[in-house]
Amino acid sequence: MIGIDVQKAAELLKSGKVVAIPTETVYGLAANALDDNAVLTIFEVKNRPFFDPLIIHVSDYEEIVKYVKNVPKFLDKLAQHFLPGPLTLLLEKKEFVPYLITSGSPYVAIRVPGHPMTQELLKLLNFPLAAPSANPFGYLSPTTAKHVYDQLGDKIPYILDGGPCEVGLESTIVGFENNRPTIFRKGGIAIEELEEVIGYSFDVKPHSTSSPQAPGMLTTHYAPKVALTIVQDEDDWKKISPKNNVGVLRVSSYLPNYPKENQKILSASGDVREAARNLFAYLRILDDMNLEQIFVELLPEKGLGMAINDRLIRAAIKE
Ligand code: TXA
Ligand code: MG
């Protein structure tokens, strides 16, 4: 069931149920992070392997310190600047934070979502919410309540509808590794924005779904059902003819001489924020059109374009 009753969502969560919640990045599948049974239901509903750790969500910065041993100075600075917002901190967990959440790691990923409805919800609860993106494992992340309903509607009691997600990409995950500030996942805040605030550069780790213990595993992710192919060369675009039963996702211009109904344009004005907002929704539309293949164009490799490209490249990997 889809609704806007925050109180009802809170009651369900208090009784150990899972509820889909809106965030500014993507919809999450939430449960009490400190209740192993509730968290197990998340893994079950998503069909997610236990080696893929979950992010916990809290209402404000002061809450973060309850769950972690300490916050390194540069992360503190980023937190002050960007939270609430699409930034996740990877920090050493306190003993009582369950290993089920962290897949056995001593580090926990924690964030303060900015969506007002989820802010209100978190304030009604005296526990943090574990929430992965509310999609079956490996599929595109949901950016509307309907996306969640279409795939998980019969498995969960309630979907809190906060409208379409404003950012449309998952949070950027930052932490510390080998004494260096490190990006663990490119996401809703561009790396350049983070670097500007702390005044030096980040290492960027190739993002693995599967936690630091198993780098490189499961690189395929965010994948539609229909095969997706990246096209970089203008000549290759020209080979696509109206005879082909294929979909096209381009950055800012339609492919000429090809039916427009099979095409989606991320942002006609080339606005990268708009492109991020539309990315998963447009891929879903194309994925539901009974096409043989989807061809996509990458964005310039900077700012949010880097995070969008990361999702497209992962979606195109065949394993
Ligand atoms: O924007 C977001 O972050 C969304 C919304 C719902 O908050 N959540 C999200 O969660 O994207 P999920 O479960 O789809 O992705 C979580 C990823 C994991 O796959 C892993 O790469 C990383 O976060 N992660 C979580 N906990 C970690 C940990 N303890 N150590 C290393 N990586 C971790
Ligand atoms: Mg996910």
Side-chain angles (χ1 to χ4, degrees), residues 18-31 33 39 42-43 45-58 67-68 82-93 97-115 117-119 121-122 128-143 147-148 151-152 159-160 162 165-177 182-189 205-223 276 280 307 310-311 314-315:
V18 298
V19 170
I21 57 164
T23 84
E24 74 280 41
T25 60
V26 300
Y27 274 72
L29 187 63
V39 173
I42 295 180
F43 283 98
V45 168
K46 267 190 72 105
N47 199 13
R48 178 176 174 121
F50 291 119
F51 57 73
D52 192 4
L54 304 178
I55 296 173
I56 70 172
H57 299 63
V58 295
Y67 304 100
V68 303
F82 290 103
L83 299 185
L87 180 72
T88 293
L89 309 177
L90 195 57
L91 297 164
E92 211 175 333
K93 75 178 192 71
V97 175
Y99 281 115
L100 181 59
I101 301 288
T102 68
S103 302
S105 165
Y107 291 85
V108 64
I110 189 161
R111 87 178 195 92
V112 179
H115 195 291
M117 215 174 209
T118 290
Q119 276 279 330
L121 174 66
L122 285 165
L129 291 175
S133 50
N135 50 277
F137 183 68
Y139 194 67
L140 303 162
S141 297
T143 53
H147 291 165
V148 183
Q151 292 189 301
L152 303 178
I159 300 167
L160 199 53
C165 299
E166 238 179 86
V167 176
L169 289 173
E170 300 81 357
S171 57
T172 304
I173 304 180
V174 296
F176 216 53
E177 201 172 68
T182 303
I183 305 275
F184 291 86
R185 176 175 73 184
K186 295 169 194 160
I189 297 182
K205 247 197 122 182
H207 165 221
S208 151
T209 309
S210 48
S211 91
Q213 300 97 288
M217 276 180 72
L218 286 174
T219 36
T220 183
H221 212 68
Y222 311 105
F280 288 133
D310 169 83
R311 304 304 188 268
R314 248 168 245 283

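Every number for a ligand or one of its atoms is a count from 1 in the order of the listing.
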| said: Just by distance, no angles: are the side chains of Arg311 and Ser141 close enough, under 3.5 Å, to form a donor-acceptor pair? | reply: no
| Atoms of ligand 1, numbered as shown, that sit under 4.0 Å from any heavy atom of Thr25 | 1 (O), 2 (C), 4 (C), 5 (C)
| field | Under 3.5 Å: N/O of Ser171 near N/O of ligand 1 | value | yes
| message | Could you tell me if the side chain of Leu169 sits less than 4.5 Å from the side chain of Val26, heavy atoms only? | response | no
| message | Is there a side chain to side chain contact (heavy atoms under 4.5 Å, CB included) between Phe176 and Glu92? Walk through the geometry before answering. | response | CA-CA 10 Å; Phe176 216 53; Glu92 211 175 333; over 6 Å; no
| said: Heavy-atom pairs closer than 4.0 Å: do any link ligand 1 to the side chain of Ile101, the backbone, both, or neither? | reply: neither
| task | Pull out every atom of ligand 1 sitting under 4.0 Å from any heavy atom of Arg185, numbered as shown with elements. | result | 2 (C), 3 (O), 9 (C), 11 (O), 15 (O), 16 (C), 17 (C)
| request: Ignoring angles and geometry beyond distance, decide whether Ser133 reaches within less than 3.5 Å of ligand 1 through its nitrogen or oxygen atoms. | output: yes
| remark: Sorted by chain and residue number, the ring-ring contact (aromatic ring centres under 6.0 Å, His included) partners of Phe50 (sequence neighbours excluded) come out as Phe43
| request: Would you sort out whether Arg111 and Glu24 count as a salt bridge (charged side-chain N to carboxylate O under 4.0 Å, His left out), showing the intermediate values? | output: CA-CA 12 Å; Arg111 87 178 195 92; Glu24 74 280 41; 3.4 Å; yes
| query | Gly28 heavy atoms, cut-off 4.0 Å: which ligand 1 atoms fall inside? | reply | 6 (C)
| task | May I ask which of Pro53, Pro22, Ala30 has a heavy atom nearer to atom 24 (N) of ligand 1 than the others do? | result | Pro53
| request: Check each heavy atom of Arg48 against ligand 1 and say whether those closer than 4.0 Å belong to the side chain, the backbone, both or neither. | output: side chain
| said: Inside 2.8 Å of the Mg ion (ligand 2) but strictly below it, how many protein N/O/S atoms are present? | reply: 1
| field | Exercise: do Arg185 and Thr88 side chains pair donor with acceptor under 3.5 Å | value | no
| Any N/O of Thr23 closer than 3.5 Å to an N/O of ligand 1? | no
| request: Flag this pair as yes if the NZ/CZ of Lys93 is under 6.0 angstrom from the six-membered ring centre of Tyr99 and inside a 45 degree cone about the axis; otherwise no. | output: yes
| query | Hey, are the side chains of Pro113 and Leu122 touching, using non-hydrogen atoms and a 4.5 Å cut-off? | reply | yes
| task | Return the set of residues passing salt bridge (charged side-chain N to carboxylate O under 4.0 Å, His left out) with Glu166 (not counting sequence neighbours), or none when no residue passes. | result | none
| Does any N/O atom on Thr88 come nearer than 3.5 Å to any N/O atom on ligand 1? | no
| Set of residues satisfying ring-ring contact (aromatic ring centres under 6.0 Å, His included) with respect to Tyr107, sequence neighbours excluded | none
| If we only count heavy atoms from C-beta on, is the Val19 to Leu121 side-chain gap below 4.5 Å? | no
| task | Answer yes or no: is there a donor N or O on one side and an acceptor on the other, between the side chain of Thr118 and the main chain of Ile21, under 3.5 Å? | result | no
| message | Using modelled atom types and a 3.5 Å cut-off, is there a donor and acceptor pairing between side-chain atoms of Tyr222 and backbone atoms of Phe280? | response | no
| said: Distance under 4.0 Å to a non-hydrogen atom of Ile173: what atoms of ligand 1 satisfy this? | reply: 22 (C), 23 (O)
| query | Asn135 versus Leu140: any side-chain heavy-atom pair under 4.5 Å? | reply | no
| said: Below the 3.5 angstrom mark, is there an N/O of Glu170, backbone or side chain, next to an N/O of ligand 1? | reply: no
| When you look for heavy atoms under 4.0 Å from ligand 1, do you find them on the side chain of Ala131, its backbone, both, or neither? | backbone
| remark: ligand 1 to Pro132, heavy atom cutoff 4.0 Å, flagged ligand atoms 10 (O), 12 (P), 13 (O)
| message | I'd like to check which ligand 1 atoms, numbered from 1 as shown, lie under 4.0 Å from a non-hydrogen atom of Leu54. | response | 26 (N)
| Is it true that Phe184 lies under 4.0 Å from ligand 1, counting heavy atoms only? | no
| message | If you measure every N or O of His57 against every N or O of ligand 1, does any of those distances drop under 3.5 Å? | response | yes
